[in-house]
S.K.: 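Sending over a structure as structure tokens; questions will come in a sec.
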Amino acid sequence: MSKLVKTSEQQTSNIMEKLPQEIILGILSRLPSTSLLQSMLVCRAWRRLIRDPLLVATHFSHMADKDGPSFIFQSNRPSSSYQLFFIDFSDFHSQGKVMFKKLPHLMSIYLLDSCNGLLCMRDARWIYICNPFTRVYLQLPKLVNYPAQVGHIAFGFHQTTKQYKVIQVVYLRQQVLLGGRINVATSTLVQSQVHVLTIGDPSWRHIGTLPYDLARPIPKALVNGRLHWLSKPNNDNTASIFISFDLETEQFQEMAKPDCCGSNRCFHHLMVLRGFLSAGAYHDNDELEVWVMKEYGIKESWIKEFTIGNHLPPTLQQNDLLHFNMAKARFPNSSVRVLCILRNDEILLEYLNRVVVVFDPRHGTFKELTFDAMPHWYKLVVHVGSLNWIHIPVCGVIRDGKGNWVLGYNRFLGKCLVVVAEFWGILDGLLLLQEQGYDEVTIHSDNLEIIISISNSILEELSFNLIRRIQQILAKEEKRSLRYILREANRIANALAKMTLPNDEVLHMFDDSR
């Protein structure tokens with residue numbers, strides 16, 4: 001008879017310590033995200049190990065390079081449940097199996113975009129960045145509300161700067177007064193404003209206007225640190241235009257298009273196929289051509305990769321077509337979206353947010369994919385399942401009365417608002433000043449909202465206790481003041497915020513400004 005022995009945390013920790021680090025990373029980094037999350041419950045030693053930034057980065061790399069793609073579905077109908085599902089095609093080529101998993105419910109928020117294992121989502125008031133596996137989320141600073149606005153939101157990451165950014169294009173429409181109520185005019189868009197938020201910054205930045213139409217919710221393609229969209233000028237011209245937004249320089253520019261058809265209106269959508277910027281184009285014969293830019297930025301490198309014939313999935317009934325005002329009995333390929341290419345060269349297609357189909361270009365055949373509990377209508381984004389996260393920095397600099405460096409400090413917080421991290425940075429600095437014995441305090445911040453909240457005793461609901469503690473400490477100081485400074489004058493604190501430190505909430509201090 002076997003005997004069960006309870007292993008202590010110390011014993012488990014010793015066993016893990018005996019294995020070489022590269023072997024531990026090699027084993028754990030190849031496990032699915034769900035398995036890693038379950039392993040965190042074994043003991044504290046395993047929890048610390050699995051939260052290690054090196055393991056998280058290695059795991060994400062393996063998940064991104066695995067044999068099959070993965071996606072996030074969000075259910076839109078029959079009810080607005082906002083339920084998220086994860087679908088993985090890793091075993092589709094070898095075993096013909098697809099993993100379809102219902103994820104834990106987050107909040108009643110709408111799926112917008114995905115990048116590096118993180119989702120960009122929103123509700124009626126806020127935008128969030130969240131990891132659907134760990135259920136950790138970050139609520140972004142609120143963008144100023146504009147009346148009668150429609151907007152496009154995109155989320156991206158630049159590999160060189162290591163910065164995540166959210167871009168929101170806001171279009172203002174003309175307003176008319178009808179029956180004593182303000183209504184939005186149905187005329188053309190009259191003005192656009194582009195706002196950018198670098199994740200970790202306290203506020204959005206207005207970077208100008210955009211002479212293109214991105215009002216409709218269209219998919220973006222992230223290639224070479226640039227976001228790409230298919231658009232048209234913001235006027236009566238209907239010609240298709242490829243535009244890009246550089247996440248480093250924050251500049252828009254037009255991209256070279258393939259010369260694939262006589263009409264400029266033939267392009268339907270942009271996507272990323274095997275790392276290349278790609279475009280779908282259709283013609284009067286309903287065939288969908290897929291073009292790929294083999295050398296980024298070189299117009300002559302556009303080549304036609306394959307052609308997809310006309311197909312009507314059996315799941316799509318006549319009422320589905322009528323819902324989109326389609327009078328034809330046959331199904332036009334202008335409503336087909338190319339998702340990705342599988343390792344066996346088969347192509348995943350999406351029809352009208354309703355059906356996923358596998359297309360075999362060698363034989364010209366179509367196979368519809370169905371899953372248990374698959375929603376009737378959905379929003380779908382390509383997504384890499386990971387434990388990745390964006391840590392919000394808490395940081396500050398302490399100087400003496402002559403402006404000389406005394407101490408710098410930095411630590412990371414998990415799930416919180418950016419403005420809450422700012423309050424924590426001030427509180428940490430005040431507590432350090434008390435330990436140093438200083439009796440005169442001047443707080444400099446490049447966030448005007450922080451200064452107003454503390455000086456005017458505005459106790460925001462989400463930061464009530466933090467502001468109260470800061471005010472209590474300041475009340476004990478004989479000499480105290482709060483000053484707003486420009487972001488350019490706060491470069492050292494901003495540099496501390498970008499330093500790479502251990503993934504914990506311990507306060508790290510620096511006694512040298514170099």
S.K.: Using side-chain heavy atoms (C-beta onward) and a distance below 4.5 Å, is Ser75 in contact with Phe85?
M.R.: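 Yes, close enough: below the 4.5 Å cut-off.
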S.K.: Give, for atom NZ of Lys101 and atom CG of Leu84, the distance between the pair rounded to the nearest 0.5 Å.
M.R.: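 Rounded to the nearest 0.5 Å, the NZ-CG separation comes to 12.5 Å.
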S.K.: Relative to the ring of Trp229, is the ring of Phe245 parallel (under 30°), tilted (30 to 60°) or perpendicular (over 60°)?
M.R.: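 Taking Trp229 first and then Phe245, their aromatic rings sit tilted (interplane angle of 30° to 60°).
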S.K.: Where the side chain of Lys165 meets the backbone of Leu197, is there a donor-acceptor pair that is under 3.5 Å apart?
M.R.: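 No, because the side chain of Lys165 does not come within donor-acceptor range (under 3.5 Å) of the backbone of Leu197.
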S.K.: His228: which residues meet the ring pair (Phe, Tyr, Trp, His ring centres under 6.0 Å) condition with it, sequence neighbours left out?
M.R.: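 With neighbours one apart ignored, the set is Tyr296.
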S.K.: Nearest 0.5 angstrom please: Leu427 CG to Ile470 CD1, how far?
M.R.: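 Atom-to-atom, Leu427:CG and Ile470:CD1 are 5.5 Å apart.
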S.K.: Kindly indicate, with the supporting measurements, whether the criterion side chain to side chain contact (heavy atoms under 4.5 Å, CB included) is fulfilled by Ser114 and Phe155.
M.R.: CA-CA 7 Å; Ser114 172; Phe155 177 44; over 6 Å; no
S.K.: Would you say Ser278 and Met293 make side-chain contact, with heavy atoms under 4.5 Å?
M.R.: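 SC-SC contact between Ser278 and Met293 ruled out.
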S.K.: Please tell me if the side chains of Val223 and Phe276 come closer than 4.5 Å, counting only heavy atoms from C-beta onward.
M.R.: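 Heavy-atom side-chain distance check fails, nothing below 4.5 Å.
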S.K.: Working to the nearest 0.5 angstrom, can you tell me the gap between Gln251 CD and Gln253 CD?
M.R.: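 Rounded to the nearest 0.5 Å, the CD-CD separation comes out at 9.0 Å.
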S.K.: For the residue pair Asn116 and Tyr164, confirm or rule out a side-chain donor-acceptor distance under 3.5 Å.
M.R.: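 The answer is yes; a qualifying pair exists.
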S.K.: For Phe86 and Phe133, I'd like to know if the aromatic rings sit close, meaning centre-to-centre distance below 6.0 Å.
M.R.: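 Yes.
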